[in-house]
Amino acid sequence: MAQRNWIAVASAEHARRGRDHKPLGFMQVGHGKLGPLKRVSAGDRVAYYSPATVFGGTDKLQSFVSIGVVLPGEPYEFDMGNGFVPWRRDVAFQAAQEAPIAPLIERLAFIENPKLWGYKFRFGMFDVADADMALIAEAMKAELKALAL
């Protein structure tokens with residue numbers, strides 16, 4: 001099956017927690033829902049977009065904060081305490097710099113109307129074309145060749 005590309009949406013604080021987790025990074029989407037993670041396969045690429053620094057924040061960070069490759073294995077539950085047990089998938093995040101979306105808005109194919117560019121991100125996770133993932137990887141100074149299993 002062909003490698004797919006995903007944009008996941010989370011606050012930078014949450015995306016960074018998944019990116020920096022050791023020994024393996026992880027992804028969670030939709031407040032820990034299983035459904036979206038079932039659409040993702042090993043070898044797929046994922047980039048996290050963060051509208052704000054913290055969940056519910058209003059600071060307009062509007063940046064891509066992490067990029068990586070989904071590792072083999074099924075989604076699994078993880079007890080984060082206080083009764084919160086979200087679903088996760090393991091991800092090998094690549095060395096990359098956080099990058100603002102503003103310079104990319106006119107170039108990303110998934111943004112159909114630049115005046116309403118934020119609309120697509122309301123879905124929480126969506127797939128994008130290879131060319132869009134390559135633009136994001138380039139903006140983040142991530143090596144696209146490293147984003148393959």
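Numbering starts at 1 and runs along the sequence shown.
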Indicate yes or no for a side-chain donor-acceptor contact from [X] to the backbone of [Y] under 3.5 Å, with no hydrogens or angles considered.
| X | Y | result |
| --- | --- | --- |
| Asn5 | Met133 | no |
| Asn113 | Lys115 | yes |
| Arg89 | Val40 | yes |
| Gln94 | Ile67 | no |
| Ser41 | Asp44 | no |
| Arg19 | Val65 | yes |

Treating Ile, Leu, Val, Met, Phe, Trp and Tyr as nodes and any side-chain heavy-atom pair under 4.5 angstrom as an edge, say whether [X] and [Y] lie in one connected cluster.
| X | Y | value |
| --- | --- | --- |
| Phe78 | Val70 | no |
| Ile105 | Tyr49 | yes |
| Phe26 | Trp87 | no |
| Leu34 | Met125 | yes |

Are any non-hydrogen side-chain atoms of [X] and [Y] less than 4.5 angstrom apart?
| X | Y | value |
| --- | --- | --- |
| Val29 | Tyr48 | yes |
| Ile7 | Phe64 | yes |
| Trp6 | Arg39 | yes |
| Phe123 | Val9 | no |
| Arg88 | Met80 | yes |
| Asp132 | Ile111 | no |

Where do Ser50 and Ser11 come nearest, in terms of heavy atoms and distance?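 Smallest interatomic distance, heavy atoms only, reads OG-C, 3.4 Å.
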Describe, in one word, how the ring planes of His31 and Phe55 are oriented to each other, choosing from parallel (under 30°), tilted (30 to 60°) and perpendicular (over 60°).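 His31 and Phe55: perpendicular rings.
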So, taking the atom named CZ in Arg107 and the one named CD1 in Ile136, what distance separates them when rounded to the nearest 0.5 Å?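 Rounded to the nearest 0.5 Å, the CZ-CD1 separation comes to 11.0 Å.
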Between CZ on residue Phe110 and CH2 on residue Trp117, distance to nearest 0.5 Å: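 Reported value, rounded in 0.5 Å steps: 9.0 Å.
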